2 protein chains.
Amino acid sequence: MTESLDRTRLAAWRAYIEASQRLFTQLEEDLRADSALSFADYHVLVLLSEAPGQRLRMGELASRLVFSPSRLTYQISSMQRRGLVARESCPQDGRGSEAVLTAAGLLTLRDAAPHHLNSVRTNLMDDLDDAEVACLTRIFERLGRRLRAERDASTTHPHS
Amino acid sequence: MTESLDRTRLAAWRAYIEASQRLFTQLEEDLRADSALSFADYHVLVLLSEAPGQRLRMGELASRLVFSPSRLTYQISSMQRRGLVARESCPQDGRGSEAVLTAAGLLTLRDAAPHHLNSVRTNLMDDLDDAEVACLTRIFERLGRRLRAERDASTTHPHS
DNA sequence: TAGCACTACTTCAAACTTCAACTACCTTCG
DNA sequence: CGAAGGTAGTTGAAGTTTGAAGTAGTGCTA
């Protein structure tokens with residue numbers, strides 16, 4: 001490990017984190033401005049709406065959201081209080097529980113989605129040409145696949 | 001706004017947020033594993049170490065970190081308690097204060113930096129070829145520039 | 001040069017996140 | 001079967017983040 005990151009890659013890294021922070025902040029702000037949902041709320045609603053039976057196990061949801069178990073418990077409790085989801089215990093596995101999308105949750109999502117997608121478009125995508133979109137997809141799909149795999153490996157074999 | 005985001009761009013967006021979440025989580029974990037610093041702590045130390053006089057105004061620091069003022073106040077207080085930075089009131093402007101890097105802070109940074117840069121390299125950069133690095137830089141430098149400009153404009157002219 | 005609007009930062013309470021127990025249930029192997 | 005050990009999710013305390021309100025100092029302008 002002589003020079004860990006060359007000048008070019010360091011610049012790339014810095015541009016990426018700074019702009020990403022700004023982008024996430026801006027999207028969160030836009031979302032709250034026209035929907036009473038946080039980014040996390042929105043993402044939970046999207047995942048549930050796409051799941052078969054509009055329901056997902058807590059663990060599955062946590063791993064897709066990249067949330068710790070306790071963070072997800074809190075998140076779902078909060079959404080349950082607001083009537084966006086319900087919690088049901090899992091019939092196959094008595095330890096488990098599932099989050100289920102409610103009718104109100106679905107309506108809220110349908111209301112919020114166009115605004116949010118529009119915000120993603122104007123804050124990020126409008127500026128990218130097709131080649132850039134392709135590049136972004138390639139980089140981050142590969143990265144996501146690798147990080148997911150590494151995480152799975154490290155939970156299966158708890159030590160290096 | 002008929003179809004806000006085409007299929008390709010939606011996929012790009014999803015890959016980007018998911019992988020970014022995983023990456024940030026992993027980097028944070030690596031950083032804590034060998035340094036007792038959070039990602040925010042590390043970033044504060046980097047910015048201060050590069051500033052003239054190794055000191056920065058709170059506002060400047062907040063805007064570069066993309067932190068709210070109160071979040072920065074808390075962050076700096078916490079680092080001050082741990083001896084990483086000191087707080088001095090600004091001579092030019094009696095309202096302001098500056099965060100100053102301490103000797104201990106600098107040592108801590110020098111200790112942590114190689115590990116952290118290595119983690120950025122292995123978790124992200126090793127997988128990218130030069131063209132991808134160039135693409136990443138171009139996309140995110142442009143994005144950062146635009147978001148920074150928009151934020152400035154909206155604080156100068158508080159209403160649309 | 002006094003007043004008024006503005007800026008820089010801090011504070012406080014409430015909401016959120018983490019981390020380390022803890023509960024309850026499943027699994028497997030003697 | 002029935003303990004031992006693992007897994008799924010929750011809880012509680014401590015730490016962090018937010019957002020609104022507060023404090024103090026600046027700078028324009030009349």
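Treat the numbers as computed from the prediction; the structure is a model and nothing was measured.
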Could you go through the salt bridge (charged side-chain N to carboxylate O under 4.0 Å, His left out) check for B:R64 and B:E50 one step at a time?
CA-CA 13 Å; B:R64 293 209 212 167; B:E50 291 173 350; 5.8 Å; no

Check whether the side chains of B:T122 and B:D126 place a donor and an acceptor atom closer than 3.5 Å, and report yes or no.
no

Rounding to a whole Å, what distance do you find between A:F67:CZ and C:dT17:P?
6 Å

Give me the one residue out of B:L84, B:D111, B:L109 that meets side chain to side chain contact (heavy atoms under 4.5 Å, CB included) with B:L37.
B:L84

Do the side-chain N or O atoms of B:R95 get closer than 4.0 angstrom to the phosphate oxygens (OP1, OP2) of C:dT10?
no

What's the separation between atom CZ in B:F39 and atom NE2 in B:H116, rounded to the nearest 0.5 Å?
5.0 Å

Residue-phosphate contact under 4.0 Å: B:S97 side-chain N/O, C:dT10 OP1/OP2:
yes

More 5' along DNA chain C: B:E98 or A:G94, using each one's nearest nucleotide?
B:E98

Per B:S68 side chain, nearest of listed nucleotides D:dT10, D:dT18, C:dC9
D:dT18

Looking at B:R57, I'd like to know whether one of its side-chain N or O atoms comes within less than 4.0 Å of OP1 or OP2 on C:dC9.
yes

Taken to the nearest whole Å, CG/B:D93 to P/C:dT7 is 12 Å

Nucleotide D:dT7, atom P - distance to CG of A:L72 in whole Å:
19 Å

Measure from CD on B:E28 to P on D:dT16 and round the result to the nearest Å.
11 Å

Taken to the nearest whole Å, CG/A:L56 to P/D:dG9 is 11 Å

Phosphate OP1/OP2 of C:dT10 contacted by B:S77 side-chain N/O (<4.0 Å):
no

Would you say the side-chain atoms of B:R82 and B:S78 include a donor-acceptor pair closer than 3.5 Å?
yes

Examine the base of C:dC19 for any acceptor or donor lying under 3.5 Å from a partner atom in the side chain of A:S70, and report the outcome as yes or no.
yes

Distance in angstrom units between B:R71 CZ and C:dC9 P, rounded:
17 Å

Spacing between B:R32 atom CZ and C:dT18 atom C1', to the nearest angstrom:
9 Å

Nearest-Å distance, OH (B:Y74) to P (C:dC9)?
20 Å

Nearest-nucleotide wise, let me know which of A:Q92 and B:M58 is further upstream toward the 5' end of DNA chain C.
B:M58

